[in-house]
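First comes the structure, then the notes that go with it.
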Amino acid sequence: MKHPTIELFEQRASLLDVQGSGQGLDDAIASLAAWMDLAEHRLTEDDRTVLGGIGALLFREGLRRRGQA
């Protein structure tokens with residue numbers, strides 16, 4: 001049994017495929033950073049820590065895919 005949020009991610013990924021979206025990791029990183037900026041005043045320190053960690057993983061994976069890490 002999958003976590004409902006993981007199922008949401010899978011559904012959204014399928015929708016991106018159907019739409020022919022060319023978005024990738026760099027787009028995800030930019031979207032996360034922009035959203036964090038907009039939500040800055042609503043985020044707790046724990047929120048920033050968790051989201052910063054997610055951003056770090058995405059960033060590192062992008063570097064690895066480009067052969068820079």
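Taking OG of Ser31 as the reference point, atom CE of Met36 lies at 13.0 Å (rounded to 0.5 Å). Within the model, atoms CG of Leu16 and CZ of Arg12 stand 6.5 Å from one another, a figure rounded to the nearest 0.5 Å.
Judged by distance alone, the side chain of Ser21 and the main-chain N or O of Asp17 form no donor-acceptor pair under 3.5 Å.
Using a 4.0 Å cut-off between charged nitrogen and carboxylate oxygen, Glu10 and Lys2 count as a salt-bridge pair.
Under the 4.5 Å side-chain heavy-atom criterion for ILVMFWY residues, a single connected hydrophobic cluster contains both Phe59 and Val50. Each of Leu57 and Leu32 belongs to its own hydrophobic cluster when Ile, Leu, Val, Met, Phe, Trp and Tyr are linked at side-chain heavy-atom distances under 4.5 angstrom. Hydrophobic cluster membership differs between Trp35 and Phe9, with clusters built from Ile, Leu, Val, Met, Phe, Trp and Tyr side chains linked at under 4.5 angstrom.
Shortest non-hydrogen contact noted between Asp47 and Arg42 is OD2-O, 4.2 Å. The minimum heavy-atom distance linking Leu25 with Leu58 is given by the pair CD2-CD2, 3.7 Å.
No hydrogens or angles considered: nothing links the side chains of Asp46 and Thr49 as a donor-acceptor pair under 3.5 Å.
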- Message: Would Glu61 and Arg65 count as a side chain to side chain contact (heavy atoms under 4.5 Å, CB included) here? Give the steps.
- Response: CA-CA 6 Å; Glu61 182 62 23; Arg65 289 185 182 194; 3.1 Å; yes

